[in-house]
Amino acid sequence: MLTKAPKGTKDILPEASAQWHRIEDIMRDICARYGFMEARTPVFEHTELFLRSVGDTTDIVQKEMYTFEDKGGRSVTLKPEGTAGVVRMFVEHGLFNLAQPTKMYYLNTPVFRYENPQAGRLREHHQFGIELFGAKSATCDAEIISLAMDVLKSAGVEGLALNINSIGCMECRPGYNTKLKAYFAENENRLCNMCKNRLQTNPLRILDCKDEGCADIIADAPLILDSICGECAGHFDLLQSCLQSIGMDFRINPKIVRGLDYYTKTVFEIISTEIGSQGTVCGGGRYDGLVAEVGGPDMPGVGFGMGMERLLMVLQSQNKAITPLNAYDIYICSMDEEGAKQAFRLAKALRDAGVSAELNHGGKSMKAQFKYADKLGVSYVAIMGQDELEKGIIKLKDMKGGPEDELPIGTAVEAILKMLGKDKRFDDIEGV
RNA sequence: GUGGGUAUAGUUCAGUUGGUUAGAGCGCCAGAUUGUGGCUCUGGAGAUCGUGGGUUCAAGUCCCACUACUCACCCCA
């Protein structure tokens with residue numbers, strides 16, 4: 001137990017961190033091009049925030065939150081999603097007073113949900129996400145979808161499907177809900193047990209049911225796209241024509257509904273079929289009522305969350321994972337304590353000059369040191385044994401082969417920089 | 001929360017109808033080469049066989065429970 005990570009959590013081993021760095025760099029770069037700036041919010045928030053934003057009838061709130069009371073008697077909750085904290089920040093700091101829209105992203109934000117883990121699902125996972133406040137045009141929706149696809153494309157992912165839908169607004173959705181409920185109520189006895197339940201709680205989600213018996217009923221269910229108001233329809237049309245104008249493929253999927261209550265109009269998912277049944281790599285949509293819901297002005301917003309782990313899984317399955325190589329430029333061999341001291345000093349001078357250097361930290365024979373240097377993948381090994389110290393030199397061996405050079409210690413840094421093809425940035429080690 | 005599968009060395013896996021001292025590859029350490037890596041050869045360390053109980057003369061192997069991992073449902077990134 002002591003040496004076991006908690007259920008549903010994953011360590012990121014040193015050998016894997018390069019993967020993360022790579023996609024983080026891509027995300028930062030693309031966000032900058034689109035004019036989004038990074039925002040960081042606390043890992044926990046007042047529980048009330050999520051009840052209000054995510055919705056107190058959702059599964060996330062009802063059974064998946066890590067909620068606890070702190071020593072001051074406050075109920076706090078570890079983030080079960082990324083949007084609420086950013087909305088709170090937007091309102092608390094009055095960012096709505098700035099010129100709009102406000103464009104923010106968050107990166108590597110840990111998200112906690114008490115779920116049963118499976119392929120592509122963890123209790124702690126990490127999200128990259130975008131939030132855009134203060135503009136209601138569908139061009140914004142198109143912009144963030146475009147950003148998401150750019151990130152995925154830059155990462156090298158192929159074959160992901162973009163699904164979009166509109167679930168209407170506060171004006172037109174209630175009417176559709178009534179229609180849908182009436183339709184399913186007529187066919188209630190043919191629905192699966194779970195859907196009979198959903199008929200009461202959230203009939204929209206019946207559309208998402210995979211039960212075969214339900215599928216027949218769903219096939220003839222009224223479509224939300226036929227019921228949305230003129231404004232929503234116009235909004236959805238503009239989104240589609242924006243996406244078409246940049247040649248982006250998408251599929252209108254009237255069944256995607258999303259599990260968070262705050263969505264309005266646009267919802268979308270970017271899905272992989274290669275990482276198991278939890279294939280949604282990115283999901284999001286518009287949330288025009290959310291800012292007002294948590295106490296801010298009536299301001300529209302749109303955003304998405306992208307699962308870092310799922311993205312990495314797709315990259316892995318497509319063999320796009322990079323092999324990390326933390327290769328030192330040089331390893332410094334030594335045979336005794338005096339040599340180790342000199343090696344330490346040389347390593348420091350090399351590191352100051354921009355060279356990645358490692359040295360013998362004791363206890364290894366020369367043979368073992370070379371073996372180790374080989375495993376590290378260094379280009380050069382410098383030898384500082386007794387013979388060399390007496391003569392005031394180091395021997396430098398090119399690990400690809402060739403004769404060893406003898407270099408006076410005083411000019412070793414400069415010579416090594418030259419061999420490595422690096423610019424000299426600092427003075428040579430003095431008085432050695 | 002529900003269901004299926006799995007659990008043997010750091011790791012990937014063998015282990016016969018229950019049978020006496022639980023093996024291998026890779027990795028790690030060392031030697032062959034007393035100051036020189038890769039290739040090869042030799043040797044070594046490393047396993048309370050997930051935990052607890054039961055059946056049996058005898059359990060890694062059979063039975064039960066628990067735990068963990070894993071896949072799936074639900075839901076979501």
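Here is the naming used below: chain letters follow the sequence lines, and residue numbers restart at 1 for every chain. Side-chain atoms are counted along with the backbone in the values below, which use heavy atoms only and exclude waters and symmetry mates.
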### Task
Starting from P on B/rU34, measure out to CZ on A/Phe370 and report it in whole angstrom.
14 Å

### Task
Answer yes or no: side-chain N or O of A/Gln278 and base N or O of B/rC75 forming a donor-acceptor pair under 3.5 Å.
yes

### Query
Is any side-chain N of the basic residue among A/Glu124 and A/Lys10 closer than 4.0 Å to the acidic one's carboxylate O?
no

### Query
Which whole-number value in Å describes the distance from A/Lys7 NZ to B/rC66 P?
14 Å

### Query
What's the CG-P distance between A/Leu376 and B/rG38, to the nearest Å?
14 Å

### Query
Using the C1' atom in both, what is the distance from B/rA68 to B/rG54, to the nearest Å?
22 Å

### Query
Angle class for the A/Phe90/A/Phe133 ring planes (parallel below 30°, perpendicular above 60°, tilted otherwise)?
parallel

### Task
Compute the ring centroids of A/Tyr105 and A/Phe36, then answer whether they are less than 6.0 Å apart.
no

### Query
Ignoring hydrogens and angles, are the base of B/rC75 and the side chain of A/Arg113 linked by a donor-acceptor pair under 3.5 Å?
no

#### Entry: Salt bridge A/Glu48-A/Arg88, side-chain N to carboxylate O under 4.0 Å
no

### Message
Any N or O donor-acceptor pair under 3.5 Å from the base of B/rU36 to the side chain of A/Gln369?
### Response
no

### Task
Output yes when a side-chain donor or acceptor of A/Gln369 lies under 3.5 Å from a complementary backbone atom of A/Lys364, and no otherwise.
yes

### Query
Salt bridge between A/Arg286 and A/Asp141, side-chain N to carboxylate O under 4.0 Å?
yes

### Between B/rC13 and B/rU6 - C1' atom distance, rounded Å
14 Å

#### Entry: Inter-nucleotide C1' distance (B/rC49, B/rC29), Å rounded
25 Å

### Query
Using the C1' atom in both, what is the distance from B/rU61 to B/rG18, to the nearest Å?
6 Å

Check nucleotides 41-44 of chain B for protein N or O atoms closer than 3.5 Å to its own N or O atoms and list the pairs.
none

### Message
How many whole angstroms separate atom CD of A/Glu115 from atom P of B/rU70?
### Response
14 Å

### Query
Taking atom C1' in both B/rC64 and B/rU56, what distance in whole Å separates the two?
16 Å

### Query
Please give, in whole Å, the distance from B/rU34 C1' to A/Gln386 CD?
13 Å

### Query
On a plain distance test, is the side chain of A/Arg121 in donor-acceptor contact with the base of B/rC71 below 3.5 Å?
no

#### Entry: A/Asp387/A/Lys391 salt bridge by N-O under 4.0 Å criterion
no

### Query
Between B/rU11 and B/rA47, how far is it from one C1' atom to the other, in whole Å?
13 Å

### Query
Starting at CG of A/Asp374 and ending at P of B/rU40, how long is that distance when rounded to a whole Å?
13 Å

### Query
When Watson-Crick pairs (N1 to N3 and N6-O4 or O6-N4) and G-U wobble pairs (N1-O2 and O6-N3) count only below 3.5 Å on both distances, what is the dot-bracket string of RNA chain B, with | for other-strand pairs?
(((((((..((((.....[...)))).(((((.......))))).....(((((..]....))))))))))))....

#### Entry: Euclidean distance for P, B/rA24 against B/rC62 (whole angstrom)
24 Å

### Query
What does A/Leu260 touch in the nucleic acid at a heavy-atom separation under 4.0 angstrom: a base, only the sugar-phosphate, or nothing?
sugar-phosphate

### Task
Give one of base, sugar-phosphate or nothing for A/Gly120, where a contact means two heavy atoms less than 4.0 Å apart.
base

### Query
Is a donor-acceptor pair below 3.5 Å formed from side chain A/Lys397 to base B/rU36, judging by atom type as modelled?
yes

### Query
Between A/Asn116 (CG) and B/rA72 (P), how many Å, whole number?
12 Å

### Query
Which is true for A/Ala119 with a 4.0 Å heavy-atom rule: it touches a base, it touches only sugar-phosphate, or it touches nothing?
sugar-phosphate

#### Entry: Integer-rounded Å distance: B/rA30 P and A/Lys364 NZ
7 Å

### Task
Assess whether one donor atom and one acceptor atom, taken from the side chain of A/Glu388 and the base of B/rG35, lie less than 3.5 Å apart.
yes

### Message
What's the gap between B/rG60 and B/rU16 when it is taken at their C1' atoms, as a whole Å value?
### Response
13 Å

### Query
So which of A/Lys63, A/Lys7, A/Arg121 actually passes salt bridge (charged side-chain N to carboxylate O under 4.0 Å, His left out) with A/Glu115?
A/Arg121

### Query
Is NZ or CZ of A/Lys265 both nearer than 6.0 Å to the six-membered ring centre of A/Phe236 and within 45° of the ring axis?
no

### Summary
Note: for A/Glu309 and A/Asp387 on RNA chain B, the residue whose nearest nucleotide lies more 5' is A/Asp387

### Message
With a 4.0 Å cut-off on N to O distance, would you call A/Lys79 and A/Glu45 a salt bridge?
### Response
no

